[in-house]
Amino acid sequence: MKFKVMIPVDFTPVSAKAIELLAFLQDKTPLETHLVHVIQVNQAEWAGSNEASENIDHKALQKREQEAVEKFQNLKQHVDFSFTSQILYGGLTTELAQYAEVNQIDLVLMGTKGAKGVLEKISGFETQ
């Protein structure tokens, strides 16, 4: 049985670092890898799909989704492990938590820039 790992991906250098760590782990143990990108939308306007949501900028969402698909395709060419890619719509933490629960994810690897001092104590980072 493979250990299930999820990495939230926003295609920034920070998420690339998490993928680098994943590549290291892949050498040590068999993993089932899930790379998940969340397109954040206002939950009050979201009706479950782009087509069903009336007050959403449909073209902008389609463009963002297509960009994510292309970035996942590019990523597949640059890593030496297989992964499942998923694009979700909604709130970042809510969607990631639901995906992890539904797919019985064992470990979530998430990159962060971090913060220091007082900022670290008062800010609400998604990673935390």
Side-chain angles (χ1 to χ4, degrees):
M1 186 167 111
K2 290 185 176 183
F3 195 66
K4 293 182 179 183
V5 178
M6 177 179 81
I7 296 182
V9 179
D10 62 1
F11 307 106
T12 64
V14 174
S15 63
K17 290 292 184 186
I19 293 169
E20 286 177 24
L21 177 59
L22 177 71
F24 172 77
L25 293 174
Q26 289 276 5
D27 289 340
K28 308 298 179 198
T29 186
L31 300 174
E32 179 182 317
T33 304
H34 298 251
L35 301 183
V36 181
H37 178 71
V38 178
I39 297 175
Q40 294 186 65
V41 294
N42 183 333
Q43 290 296 99
E45 297 176 347
W46 186 247
S49 73
N50 194 6
E51 296 78 27
S53 302
E54 295 178 12
N55 297 325
I56 297 281
D57 183 347
H58 302 283
K59 289 184 181 183
L61 285 182
Q62 288 172 338
K63 181 181 178 190
R64 290 172 61 194
E65 183 174 345
Q66 183 57 38
E67 288 170 352
V69 167
E70 290 169 6
K71 288 177 181 180
F72 274 132
Q73 290 171 345
N74 185 42
L75 187 58
K76 283 186 180 189
Q77 296 173 359
H78 291 93
V79 297
D80 60 351
F81 57 86
S82 63
F83 61 85
T84 299
S85 60
Q86 184 69 43
I87 299 169
L88 306 174
Y89 287 89
L92 183 63
T93 53
T94 302
E95 292 302 317
L96 292 175
Q98 286 176 353
Y99 185 89
E101 184 177 347
V102 167
N103 291 281
Q104 299 177 329
I105 299 297
D106 299 303
L107 174 68
V108 177
L109 290 176
M110 190 173 203
T112 179
K113 291 180 187 176
K116 296 181 181 170
V118 175
L119 183 60
E120 181 179 25
K121 303 295 182 204
I122 63 172
S123 62
F125 289 103
E126 300 290 349
T127 305
Q128 293 174 354

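Given the structure is predicted, the values throughout are model-derived calculations rather than measurements. For reference, positions follow the sequence shown, starting with 1. Note that these values count all heavy atoms, side chains included, but never hydrogens, waters or copies made by symmetry.
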[atom1]-[atom2] distance between [X] and [Y], expressed to the nearest 0.5 angstrom:
X     : Y      : atom1 : atom2 : answer
Met6  : Asp106 : CE    : CG    : 11.5 Å
Leu22 : Leu31  : CG    : CG    : 6.0 Å
Phe3  : Leu25  : CZ    : CG    : 9.0 Å
His34 : Gln86  : NE2   : CD    : 10.0 Å
Gln40 : Thr94  : CD    : OG1   : 9.5 Å
Tyr89 : Arg64  : OH    : CZ    : 8.0 Å

*Applying the side-chain hydrogen bond (donor to acceptor under 3.5 Å, both in side chains) test to Gln66, which of Lys63, Glu70, Gln62 qualifies?*
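Among Lys63, Glu70, Gln62, the one meeting side-chain hydrogen bond (donor to acceptor under 3.5 Å, both in side chains) with Gln66 is Glu70.
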
*Which residue pairs pass the side chain to side chain donor-acceptor pair (under 3.5 Å) test when at least one of the two sits in residues 10-19, sequence neighbours left out?*
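Non-adjacent pairs meeting side chain to side chain donor-acceptor pair (under 3.5 Å): Asp10-Thr12, Asp10-Ser15.
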
*Would the number of heavy atoms belonging to other residues, nucleotides or ligands and lying under 6.0 Å from NZ of Lys76 be above 12?*
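Buried by this count: over 12 neighbours within 6.0 Å.
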
_Among Leu92, Val36, Leu96, side-chain contact (heavy atoms from CB on, under 4.5 Å) partner for Pro8_ =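 Result for side-chain contact (heavy atoms from CB on, under 4.5 Å) with Pro8: Leu96.
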
_Below 30° counts as parallel, above 60° as perpendicular, anything between as tilted: where do the rings of His37 and Phe11 land?_
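Aromatic pair His37/Phe11 classed tilted.
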
*Do Leu75 and Ile19 come close enough that some side-chain heavy atom pair is under 4.5 Å?*
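The answer is yes; the side chains approach within 4.5 Å.
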
